[in-house]
There are 2 protein chains.
Amino acid sequence: MRDSSGKTPIWKAIADALRIDLAEGRYSPGDKLPTEAALADRFGVNRHTVRHGIAALVDDGLVRTRRGAGAYVAATPTDYPIGSRVRFHENLIAAGRRPEKRILTLDERAATEGEAKALQIATGAPLCAYHGLSLADGQPIAIFESLFPLDRIAGITDALRGTSSVTEALRVAGIADYTRASTRLTAVRATATQALHLQVTEGDPLLRSSGVNTGQLGQPVEYGRTWFVGDRVTLTLET
Amino acid sequence: MRDSSGKTPIWKAIADALRIDLAEGRYSPGDKLPTEAALADRFGVNRHTVRHGIAALVDDGLVRTRRGAGAYVAATPTDYPIGSRVRFHENLIAAGRRPEKRILTLDERAATEGEAKALQIATGAPLCAYHGLSLADGQPIAIFESLFPLDRIAGITDALRGTSSVTEALRVAGIADYTRASTRLTAVRATATQALHLQVTEGDPLLRSSGVNTGQLGQPVEYGRTWFVGDRVTLTLET
DNA sequence: TGGTAAGATATGTATAGTTGTATAGTAAAT
DNA sequence: ATTTACTATACAACTATACATATCTTACCA
């Protein structure tokens, strides 16, 4: 079920891009469009694909071509059905919202190779896996998975069962303070399971953040990954 | 023994065979794989079976396909540090990659309300709009739009036409140094046009970063938005 | 000054090759 | 009986290349 909203053919996307250029007044009637070769280069496609796109504009009467000369603007569109241009849903999750955490699973298991590497422990070493859901005003905004090395932080599992707050649980387990050593961000598609928990559609864009928190001695105490719903969250970095 | 582990599907065997070819360096990033027909012939199977195998490699991010062109070995994802000093060329050179910028459009126009607010200028004030494509090792990794207030930085447009490097152009225009004042991140879907330029599929997840760079006096000199391809870039935060 | 020829540039046309998608069918495993 | 893995076929979409044809530019010459 992969975005049944229909894929736009390349030639149409090019035609639309040019239509926007016309509508925004980047070209006036009588102006010469870039050559087919230039456009093909700009869009990174074959000249024939550009020709197809231009043909659509000619068909609409927006452009007129002359063999050997070029393509010239005949008219500018009064309205272009490209839909919403650049859309800003800057839905800041600002202050004044009611945060909530919900535990999905909380268990102890062995570390996989990648997890072990991030936490600087041996593959197969025991860890606590805390998988949960973050909500604001009852609306899910992220799911996360936090992993704690049990060799370093015994009793973290029970601590988490009591509080659901990572900071609080780490304090109970003996880690008074911790700092974020690294953060990595990228965008991914929501899997079916993620989509279910986050109440979005499978394939919707998620902002994935992964990072390691270290204790006062520099030893990794938590490896966490969080998937934010792109529509509902904007991360703001202060520098 | 009808051990299921001994019964590898054909498509998987093909994928593994290709994976070995890649791992052993028989193909380098950017190289073209044999055509599906050729592979089908070589392995003595139907083209669809080969396609299934290649699809697995695409899913792993090892290979990229272009309709009508072929299947190409993908470059490994780029780590992109983002902090108070964001410099495209420096970042990628430090990562051992060959950076490149391509100008899509470069013109001067009036600021919209939102843009004016970000740059702390009056709505309708003149600005320079630089829309372009960023590549690493020839592979597109992001598209961006940078806006410069012309009242503060006269001549930036011509400077950009010459160099395409923001840092260099700002230097020519009199801004010796600048730092990033704020960064905001979220995940969005690629539009048809964005997908076209980035050579991804419409709807693929993009990491959108927007931020303001300020000069030494703290005055905004650039308001930029960048859309990174999730598959090809990981932003790393300096702490 | 004006005309003309040559060359570069640009669109139009043709052909073949490659990937993407859809449909239908077959044999084997569950 | 249904599902799974693969085959077979056809067509659509895009690429790659070559060449034909029209236009523009420039140089040259009378």
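Throughout, a chain's letter reflects where its sequence line sits, starting with A, and its residues are numbered from 1.
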- Message: Without decimals, in angstroms, what is the distance between B:Asp41 CG and C:dT18 P?
- Response: 12 Å

- Task: Provide, to the nearest angstrom, the distance between the CD1 atom belonging to A:Ile14 and the P atom belonging to D:dA13.
- Result: 15 Å

- Query: Are side-chain heavy atoms of B:Gln139 and B:Glu100 found at a separation under 4.5 Å?
  - Reply: no

- Short side-chain N/O contact to D:dT7 OP1/OP2 from B:Thr49, under 4.0 Å: yes

- Item | d(OH, B:Tyr72; P, D:dT15) in whole Å | 10 Å

- Message: What is the distance, to the nearest angstrom, from the CG atom on B:Asn46 to the P atom on C:dT21?
- Response: 16 Å

- Message: What is the separation between atom CZ on A:Arg64 and atom P on C:dT11, rounded to the nearest whole Å?
- Response: 13 Å

- Message: At less than 4.0 Å, is any side-chain N or O atom of A:Thr65 found next to OP1 or OP2 of C:dG12? Yes or no.
- Response: yes

- Round to the nearest Å and state the distance from B:Ile10 atom CD1 to D:dT4 atom P. 17 Å

- Message: With a 4.0 Å cutoff (strictly under), does any side-chain N or O of B:Trp11 reach OP1 or OP2 of D:dC6?
- Response: yes

- Look at atom CZ of A:Arg64 and say whether more than 12 heavy atoms of other residues, nucleotides or ligands are closer to it than 6.0 Å. no

Check: protein-nucleotides 13-16 of chain C nitrogen or oxygen pairs below 3.5 Å:
| residue | atom | partner | partner atom | Å |
| --- | --- | --- | --- | --- |
| C:dA14 | N6 | A:His48 | NE2 | 2.6 |

- What one should report as the nearest heavy-atom pair of A:Trp11 and A:Ala56 is CZ3-CB, 3.9 Å

- Message: Is it true that, when you exclude B:Lys32 itself, more than 12 heavy atoms of the residues, nucleotides or ligands shown sit nearer than 6.0 Å to its NZ?
- Response: yes

- Using whole Å, report how far CD of A:Glu36 lies from C1' of C:dG12. 8 Å

- Between B:Ala69 and B:Val45, name the one whose nearest nucleotide on DNA chain D is closer to the 5' end. B:Val45

- Task: Report yes if the distance between the aromatic ring centroids of A:His131 and A:Phe144 is under 6.0 Å, otherwise no.
- Result: no

- Task: Using atom types as modelled and distance alone, determine if a side-chain donor or acceptor of B:Asp158 lies under 3.5 Å from a backbone N or O of B:Gly155.
- Result: no

- Task: Nearest-nucleotide wise, let me know which of A:Pro34 and B:Lys32 is further upstream toward the 5' end of DNA chain C.
- Result: A:Pro34

- Looking only at D:dC24, D:dC14, C:dG20, the nucleotide nearest the A:Arg66 side chain is D:dC24

- Item | Nearest heavy atoms of B:Glu202 and A:Thr8, plus distance in Å | OE1-N, 2.8 Å

- Task: May I have the distance from A:His52 (atom NE2) to D:dT15 (atom P), rounded to whole angstrom?
- Result: 12 Å

